[in-house]
Amino acid sequence: NLPPESVYPAFICAMLSYCLIIFCNLVFLLTITIEKRLHEPMYLLLINLPINDLIGSTAFLPQLMNEILSDSRSISYPACVTQAFFIHIYAGGSLLIMTAMAYDRYIAICLPLRYNTIMTNNFLIKIIILVWFSDLILMVVLFYLLLRIPRCRSFISNAYCDNPTLLRLVCADTSINNMYGLFITALLQGVSLVTVIYSYIQILLTCLRNKRSDAKSKAIQTCATHLTVFIILEITGLFTILAYRFEKASPFLRQMFEAASLIIPPALNPIIYGLKTKEIRSKIALIFSRKV
């Protein structure tokens, strides 16, 4: 509940956040799309990240801005379900995309002579299709299980709609929903953590054995960027989990934690990759210099 004097500052803050996310991710997306020299497996996998970030932020921030400006505290049930679906698509997609990128870095650094043989265009397309198809199927089943149950409540206290929030509106047995929700959470987190940890242990060992300092430095730089983005994703995801676990905490604090998971990664991901990846940084500078 915002006091009247805080409405416009809150709206401006949300609007600037959304504009920053759209601008940075579109520049990042267009840079990889336009520059043919960036049409390599690593960058073609990376291009899925800004698309996913735009899905997550667009599912949340426009609705938030509308609620702030109109002083409305209501949302239709279909709109709430739609928002929840795309937020879950974003959350699952983030983990799966980072998993695919970790696998790509593992092949590139640990098996460099076989990289072009393994990471062919056909195989790359299969990975991208698998990432989005798996994400879509998992979330379609999740929301099918939700929508089959009648609801009897209408109040939610979260910053946005999601599956746990919507489950609180029903007055029936939700044990199947809870088990499936825990299953996909454990599956996505397990697959991503195991793949990332294994890949980076192997990459670290390869870098320690590599006597070429230039190759070692480039490998560490590339992997440090990916690992930074993955850690930010996990930390903001932890914020959301903590927000659900500590229901007695300040509602404002819980809502800030929830909002952070949909604002911080989409805003920071293109900035981190743009600043830390030399090839992308130079191409962005080249594109803007051409426009000037």
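Quantities reported herein were computed from a predicted structural model and do not represent experimental measurements.
- Residues meeting the side chain to side chain contact (heavy atoms under 4.5 Å, CB included) test with I22, sequence neighbours left out: Y18, L26, L54.
- Of all heavy-atom pairs spanning L29 and P50, the tightest one is CD1-CG, 4.0 Å.
- Nearest heavy-atom pair, A100 versus V131, reported as atom, atom and distance to 0.1 Å: CB-CG2, 4.2 Å.
- A donor-acceptor pair under 3.5 Å links the side-chain atoms of S76 to the main chain of A79, judged by distance alone.
- Within the structure, every pair that satisfies the side-chain hydrogen bond (donor to acceptor under 3.5 Å, both in side chains) test and touches residues 259-274, not counting sequence neighbours, is listed here: D53-N269, T240-S261.
- Applying the side-chain hydrogen bond (donor to acceptor under 3.5 Å, both in side chains) rule to pairs touching residues 130-140 yields N48-W132, sequence neighbours excluded.
- When every heavy atom of L142 is checked against every heavy atom of N163, the shortest pair comes out as CD1-ND2, 3.7 Å.
- Every residue meeting the side chain to side chain contact (heavy atoms under 4.5 Å, CB included) condition with A260, not counting sequence neighbours, appears here in chain and number order: F239, I264.
- Annotation: side-chain hydrogen bond (donor to acceptor under 3.5 Å, both in side chains) contacts of S175 (sequence neighbours excluded): D173.
- Not counting sequence neighbours, the partners of F60 by the ring-ring contact (aromatic ring centres under 6.0 Å, His included) test are Y160.
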Please step through side chain to side chain contact (heavy atoms under 4.5 Å, CB included) for the pair L167 and N178, ending with a clear verdict.
CA-CA 9 Å; L167 281 178; N178 293 333; 3.7 Å; yes
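- Residues satisfying the side chain to side chain contact (heavy atoms under 4.5 Å, CB included) test with C80, not counting sequence neighbours, are I75, I156, C161, L166.
- Looking at Y77 and R151, their side chains come closer than 4.5 Å, going by heavy atoms from C-beta outward.
- Of the possible donor and acceptor atoms, one in the side chain of R148 sits under 3.5 Å from a partner among the backbone N and O of L145.
- The hydrophobic cluster containing L49 also contains M42, counting ILVMFWY residues as joined when their side-chain heavy atoms lie under 4.5 angstrom apart, directly or transitively.
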Please report, to 0.1 Å, the donor-acceptor pairs under 3.5 Å made by any side chain of residues 110-128, with sequence neighbours excluded.
{"from": "Y115", "atom 1": "OH", "to": "D104", "atom 2": "OD1", "distance (Å)": "2.6"}
{"from": "T120", "atom 1": "OG1", "to": "F123", "atom 2": "N", "distance (Å)": "3.3"}

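- Atom CD1 of I89 is separated from atom CD1 of I55 by 7.5 Å, given to the nearest 0.5 angstrom.
- Within the 4.5 Å cutoff, the side chain of F85 has heavy atoms near those of the L136 side chain.
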I232/I272 under side chain to side chain contact (heavy atoms under 4.5 Å, CB included): CA gap, chis, key distance, verdict
CA-CA 11 Å; I232 291 172; I272 291 171; 3.4 Å; yes
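- Residues M65 and M15 approach most closely at SD-CA, 3.4 Å, considering heavy atoms.
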Sequence neighbours left out, cut at 3.5 Å: what donor-acceptor pairs do the side chains of residues 182-207 make with other protein atoms?
{"from": "T185", "atom 1": "OG1", "to": "G181", "atom 2": "O", "distance (Å)": "2.8"}
{"from": "S192", "atom 1": "OG", "to": "L188", "atom 2": "O", "distance (Å)": "2.9"}
{"from": "S192", "atom 1": "OG", "to": "Q189", "atom 2": "O", "distance (Å)": "3.0"}
{"from": "T195", "atom 1": "OG1", "to": "V191", "atom 2": "O", "distance (Å)": "2.7"}
{"from": "S199", "atom 1": "OG", "to": "T195", "atom 2": "O", "distance (Å)": "2.6"}
{"from": "Y200", "atom 1": "OH", "to": "C223", "atom 2": "O", "distance (Å)": "3.4"}
{"from": "Y200", "atom 1": "OH", "to": "H226", "atom 2": "ND1", "distance (Å)": "2.6"}
{"from": "T206", "atom 1": "OG1", "to": "Q202", "atom 2": "O", "distance (Å)": "2.8"}

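- Residue M98 holds its CE atom at 8.0 Å from CG of L227, rounded to the nearest 0.5 Å.
- When the side chains of ILVMFWY residues are joined at heavy-atom separations under 4.5 Å, either directly or via intervening members, I235 and I97 end up in a single hydrophobic cluster.
- Going from atom CD of E234 over to atom CD1 of I231 covers 9.0 Å, rounded to the nearest 0.5 Å.
- To the nearest 0.5 angstrom, L147 atom CG is 10.0 Å from N177 atom CG.
- By the ring-ring contact (aromatic ring centres under 6.0 Å, His included) test, F230 is found to be paired with no residue, residues two or more places apart in sequence or in another chain being considered.
- Under the 3.5 Å distance criterion, the side-chain polar atoms of R153 are matched with a main-chain donor or acceptor of V170.
- Among residues two or more places apart in sequence or in another chain, the side chain to side chain contact (heavy atoms under 4.5 Å, CB included) test is passed with L69 by Y8, F11.
- Residue Y180 places its OH atom among more than 12 non-hydrogen atoms of other residues, nucleotides or ligands, all under 6.0 Å distant.
- Using modelled atom types, no side-chain atom of H39 and backbone atom of I34 make a donor-acceptor pair closer than 3.5 Å.
- The hydrophobic clustering, which links ILVMFWY residues whose side-chain heavy atoms are closer than 4.5 Å, places L130 and I137 apart.
- Taken to the nearest 0.5 Å, the CZ atom of F143 stands 4.5 Å off from the NE2 atom of H88.
- No path of Ile, Leu, Val, Met, Phe, Trp and Tyr side chains, each step under 4.5 Å between heavy atoms, connects L30 with L20, placing them in separate hydrophobic clusters.
- Among all heavy-atom pairs drawn from P62 and S57, the shortest one is CD-O, 3.5 Å.
- Between atom CG of residue L268 and atom OG1 of residue T236 there is a gap of 9.5 Å, rounded to the nearest 0.5 Å.
- No single ILVMFWY cluster, assembled from side-chain heavy atoms under 4.5 Å apart, contains both I149 and F155.
- For the side-chain hydrogen bond (donor to acceptor under 3.5 Å, both in side chains) condition, the pairs that include at least one residue of residues 93-103, sequence neighbours left out, are N52-S94.
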